[in-house]
A.B. asks: 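Structure below; questions to follow.
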Amino acid sequence: MFTATLTQIQQATPSVKLFKLKVEDPAFHFLAGQWIDLKIELDGAPHLGGYSMTSSPVVHGAIELAIKSSTRHPVTRWLHEQARIGDTVQISGGQGVFVYQPEMSQRIVLVGAGVGVTPLISIFRYVADAVPGTDATLVYSIPSPDEFLFRDEIERLSLQFNNLHSLVSVTQPDAHWHGLSGRTDAALLQRAGMSSDTLYYLCGPQGMVEDVSAMLASLGVPASRIIYEKWW
Ligand SMILES: Cc1cc2nc3c(=O)[nH]c(=O)nc-3n(C[C@H](O)[C@H](O)[C@H](O)COP(=O)(O)OP(=O)(O)OC[C@H]3O[C@@H](n4cnc5c(N)ncnc54)[C@H](O)[C@@H]3O)c2cc1C
């Protein structure tokens, strides 16, 4: 485990807080899309939570997490209700096979919903930082416009880089939302691009990953080109 110090806590949406942690040990590293175990002690007993990095692995010495509030999960609850700047926690190195590395494909579609966008943002930022030869499309579904995580950055990167695109849809739009509405469907996935070398990364709530996998299968995408992460 590595020692990490909280350096920033920010309410990003009504349900999600962003956490920035300083990790000074140079042995710490992760790949775009990976998660860490975060350990705290409560009343002398250790508790663990798993969280995906939202930052790009190109950034050294610090990581960023985006965490949805939960009153049930002890670590998530502590982070939302008690954690303060300067607190230290223990974290593992990057874990999991939900990763993107340039040699895997030069065409990726990142399909996320809600806070499940977190590992996809790490991949999107990584492509912006270091992989100009890869074309990445983020397909991101949110319940309402105020739950649009990383809105400014996603919009800015999609305008700034020819190889980055985003299709954001809101399931319960309000009068101020002029973008796409509804759940991610086959038409939206087709719009994201269906070339024969595309890799699809799926992360979202239970049901969404199954639904999107089934849609991709019906569009002729083989299972070998679908990579998914489940948090339950
Ligand atoms: C590998 C891994 C990575 C994780 N990364 C994050 C993270 O980056 N940010 C974060 O807030 N939590 C993340 N979690 C979940 C976190 O560790 C806790 O499980 C969660 O805070 C518990 O909340 P809950 O009991 O209210 O979950 P519930 O509301 O009961 O949800 C059940 C499970 O589904 C997951 N879930 C709910 N909504 C979504 C969604 N939109 N997309 C994907 N999964 C969803 C929950 O996190 C939980 O694990 C991750 C879990 C794992 C295993």
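Note that this is a predicted model, so its numbers are computed, not measured. Both ligands and their constituent atoms are indexed starting at 1 by order of listing.
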A.B. asks: Using a 4.0 Å heavy-atom cut-off, say whether K68 meets ligand 1 through its side chain, its backbone, both or neither.
C.D. replies: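 Both backbone and side chain.
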A.B. asks: Distance to 0.1 Å, residue and atom name: give those for the protein heavy atom nearest to atom 9 (N) of ligand 1.
C.D. replies: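 Here the nearest protein heavy atom works out to A66 O, 2.9 Å.
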A.B. asks: Is a side-chain donor-acceptor pair under 3.5 Å present for S144 with Q172?
C.D. replies: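 Distance-only check fails for Q172 and S144.
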A.B. asks: Tell me which protein heavy atom sits closest to atom 19 (O) of ligand 1, plus the residue, atom name and distance to 0.1 Å.
C.D. replies: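 For this ligand atom, the closest protein heavy atom is H73 CD2, 3.8 Å.
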A.B. asks: Say whether P205, considering both its backbone and side-chain N or O atoms, lies within less than 3.5 Å of an N or O atom on ligand 1.
C.D. replies: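 Yes - when backbone and side-chain N and O of P205 are compared with those of ligand 1, one distance drops under 3.5 Å.
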A.B. asks: Under 4.0 Å from atom 25 (O) of ligand 1, is there at least one protein heavy atom?
C.D. replies: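 Yes, there is one.
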A.B. asks: For residues L167 and L180, determine if any side-chain heavy atom of one lies less than 4.5 Å from a side-chain heavy atom of the other.
C.D. replies: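 SC-SC contact between L167 and L180 confirmed.
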A.B. asks: Does ligand 1 have any atom sitting under 4.0 Å from a heavy atom of V115?
C.D. replies: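 V115 counts as a contact of ligand 1 under the 4.0 Å cut-off.
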A.B. asks: Are there more than 12 heavy atoms of other residues, nucleotides or ligands under 6.0 Å from atom CZ of R191?
C.D. replies: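 No - once you tally the heavy atoms of other residues, nucleotides and ligands closer than 6.0 Å, there are 12 at most.
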A.B. asks: Evaluate the side-chain proximity of W231 to T118: yes if any heavy-atom separation is below 4.5 Å, no if none is.
C.D. replies: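 When only atoms from C-beta onward are counted, W231 and T118 do touch, with a gap below 4.5 Å.
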A.B. asks: Please list the nearest protein heavy atom to atom 36 (N) of ligand 1 with its residue and the distance rounded to 0.1 Å.
C.D. replies: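 I find the closest protein heavy atom is W231 CE3, 4.1 Å.
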A.B. asks: How long is the straight-line distance from OG of S56 back to CD1 of I121, given to the nearest 0.5 Å?
C.D. replies: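 One gets 11.5 Å once the value is rounded to the nearest 0.5 Å.
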A.B. asks: What is the distance from atom CG of D135 to atom CD1 of I108, rounded to the nearest 0.5 Å?
C.D. replies: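 One gets 8.5 Å once the value is rounded to the nearest 0.5 Å.
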A.B. asks: Nearest non-hydrogen contact with atom 42 (N) of ligand 1 belongs to which option: G114, G49, G204?
C.D. replies: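 It is G204 whose heavy atom sits nearest to atom 42 (N) of ligand 1.
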A.B. asks: Just how far is it from atom CD of Q11 to atom OG of S69, taken to the nearest 0.5 Å?
C.D. replies: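 Answer for the CD-OG pair, Q11 versus S69, is 8.0 Å.
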A.B. asks: Is there a polar contact between ligand 1 and T118, counting only N or O atoms under 3.5 Å apart?
C.D. replies: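 The answer is yes, given that T118 and ligand 1 share an N or O pair closer than 3.5 Å.
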A.B. asks: Have a look at G50, A113, P143, G116 and point out the one with the heavy atom closest to atom 17 (O) of ligand 1.
C.D. replies: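 Result: the heavy atom closest to atom 17 (O) of ligand 1 is in G50.
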A.B. asks: Mind checking whether T76 contacts ligand 1 via backbone (N, CA, C, O), side chain (CB onward), both or neither, at a 4.0 Å heavy-atom cut-off?
C.D. replies: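 Side chain only.
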A.B. asks: Is D211 salt-bridged to R183, cutoff N-O under 4.0 Å?
C.D. replies: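 Salt bridge between D211 and R183, a charged N being under 4.0 Å from a carboxylate O: yes.
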A.B. asks: Taking everything shown except F2 itself, do over 12 heavy atoms lie less than 6.0 Å from its CZ?
C.D. replies: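 Counting neighbours around CZ of F2, more than 12 heavy atoms of other residues, nucleotides or ligands fall under 6.0 Å, so yes.
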A.B. asks: Among all protein heavy atoms, pick out the one at the shortest distance from atom 5 (N) of ligand 1; state its residue, atom name and that distance to 0.1 Å.
C.D. replies: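 Nearest protein contact, heavy atoms only, for atom 5 (N) of ligand 1 is S52 N, 3.1 Å.
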A.B. asks: Against heavy atoms of S70, which atoms of ligand 1 measure under 4.0 Å?
C.D. replies: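 Close to S70: 23 (O), 24 (P), 25 (O), 26 (O).
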A.B. asks: Between OH of Y201 and CD1 of I123, what distance do you get to the nearest 0.5 Å?
C.D. replies: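 It comes to 5.5 Å.
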A.B. asks: Less than 3.5 Å between some nitrogen or oxygen of W232 and one of ligand 1, yes or no?
C.D. replies: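 By distance alone, the answer is no.
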A.B. asks: Does some non-hydrogen atom of the protein lie less than 4.0 angstrom from atom 1 (C) of ligand 1?
C.D. replies: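 Under 4.0 Å from atom 1 (C) of ligand 1, at least one protein heavy atom found.
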A.B. asks: Any carboxylate oxygen within less than 4.0 angstrom of a Lys/Arg side-chain nitrogen, looking at K230 and E210?
C.D. replies: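 Salt bridge present between K230 and E210.
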A.B. asks: Can you pull out the closest protein heavy atom to atom 29 (O) of ligand 1? Residue, atom name and distance to 0.1 Å, please.
C.D. replies: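 The protein heavy atom lying closest is R72 NH2, 3.2 Å.
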A.B. asks: Give the atom numbers and elements of ligand 1 that come within less than 4.0 Å of a heavy atom of W35.
C.D. replies: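 Heavy-atom distances to W35 below 4.0 Å select 1 (C).
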